[in-house]
Amino acid sequence: MFKPEIESVYRIQNFVKTALSAEAFNKKKCFAIDLIIEELVVNIATYGIKDLNTGFIAVCTSIEDETLFIGITDNGPAFNPLEKKDPDIFMPLEDRQPGGLGIYLVKQFVKDIRYERKNHKNLIRLWLA
């Protein structure tokens, strides 16, 4: 378990890559893992959990048939990042609303992503091919 703070990003990235034996992966897959973890953990720490004494982020990983699985659970308020509409990346920057680009990038790197709210916890499950 990790504290829901920005400082946990690097520790969680290392945990995931170590658990998945990331040294065997190519640079693109390691970059994807780092980006995914950074985006999701920063969002949890910034917008989700406010009480570091009771808040947590739990991470689990596995590999099956060359597909990587990463599960991230937190006990913050309910928030499904998949409900946010993807940004129009072709719209001029000055016309865009802030937010949403990070989860859009995460979606570009995964084969599948799912959200579930269960037992007062947010569960994000990601599969990378």
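Fair warning: this is a prediction, and the values are worked out from it, not measured in the lab. The figures here come from the full heavy-atom set of this structure, side chains too, leaving out hydrogens, waters and symmetry mates.
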Residue pairs meeting ring-ring contact (aromatic ring centres under 6.0 Å, His included), one or both in residues 34-86, sequence neighbours left out, come to F69-W127

Distance col, row I89:CD1 vs Q108:CD, nearest 0.5 angstrom, shows 7.0 Å

Between L20 and S62 the two heavy atoms that sit nearest each other are CD2-O, 3.5 Å

Hey, is E5 close enough to R11 for a salt bridge, meaning N to O under 4.0 Å? yes

Of the options L68, T67, L126, which is the one that meets K111 in a side chain to side chain contact (heavy atoms under 4.5 Å, CB included)? T67

For residues V42 and Y10: do they belong to one hydrophobic cluster (side chain heavy atoms under 4.5 Å, members Ile, Leu, Val, Met, Phe, Trp, Tyr)? no

Hey, what do you get for CD (E39) to CG (D34), rounding to the nearest 0.5 Å? 13.0 Å

Going by heavy atoms in the side chains, are N43 and I103 under 4.5 Å from each other? no

Could you tell me whether E66 atom CD has more than 12 heavy atoms of other residues or ligands within 6.0 Å of it? no

Expected output: side-chain K84 to main-chain L101 donor-acceptor under 3.5 Å: no

Taking atom CZ of R114 and atom CG of L82, what is their separation to the nearest 0.5 Å? 11.0 Å

Partner of I12 under side chain to side chain contact (heavy atoms under 4.5 Å, CB included), chosen from V59, L40, I72, I70: V59

Note: K17 and I33 closest approach over all heavy atoms is CG-CG2, 3.8 Å

According to a hydrophobic-cluster definition based on side-chain heavy atoms being under 4.5 Å apart (Ile, Leu, Val, Met, Phe, Trp, Tyr only), do L123 and V16 belong together? no

CD on Q13 to SG on C30, rounded to 0.5 Å: 10.5 Å

Got a second to check how far I6's CD1 is from T46's OG1, nearest 0.5 Å? 4.0 Å

What heavy-atom pair brings A45 and P4 nearest, and what distance separates the two atoms? CB-O, 3.5 Å

Closest heavy-atom contact between G55 and I49? CA-CG2, 3.5 Å

Nearest heavy-atom neighbours spanning N53 and D51: N-OD1, 2.9 Å

Is the CD atom of E64 crowded by more than 12 outside heavy atoms at less than 6.0 Å? no

Mind jotting down which residue pairs meet the ring-ring contact (aromatic ring centres under 6.0 Å, His included) criterion with at least one end in residues 101-124? Sequence neighbours excluded, please. F31-F109

When rounded to the nearest 0.5 Å, the distance separating CG of L105 from NZ of K107 is 11.0 Å

Applying side-chain hydrogen bond (donor to acceptor under 3.5 Å, both in side chains), which residue pairs with at least one partner in residues 68-81 are found, sequence neighbours left out? D74-N122

Could you report the tightest heavy-atom contact between I37 and V9, atom names first, then the distance? CG2-O, 4.0 Å

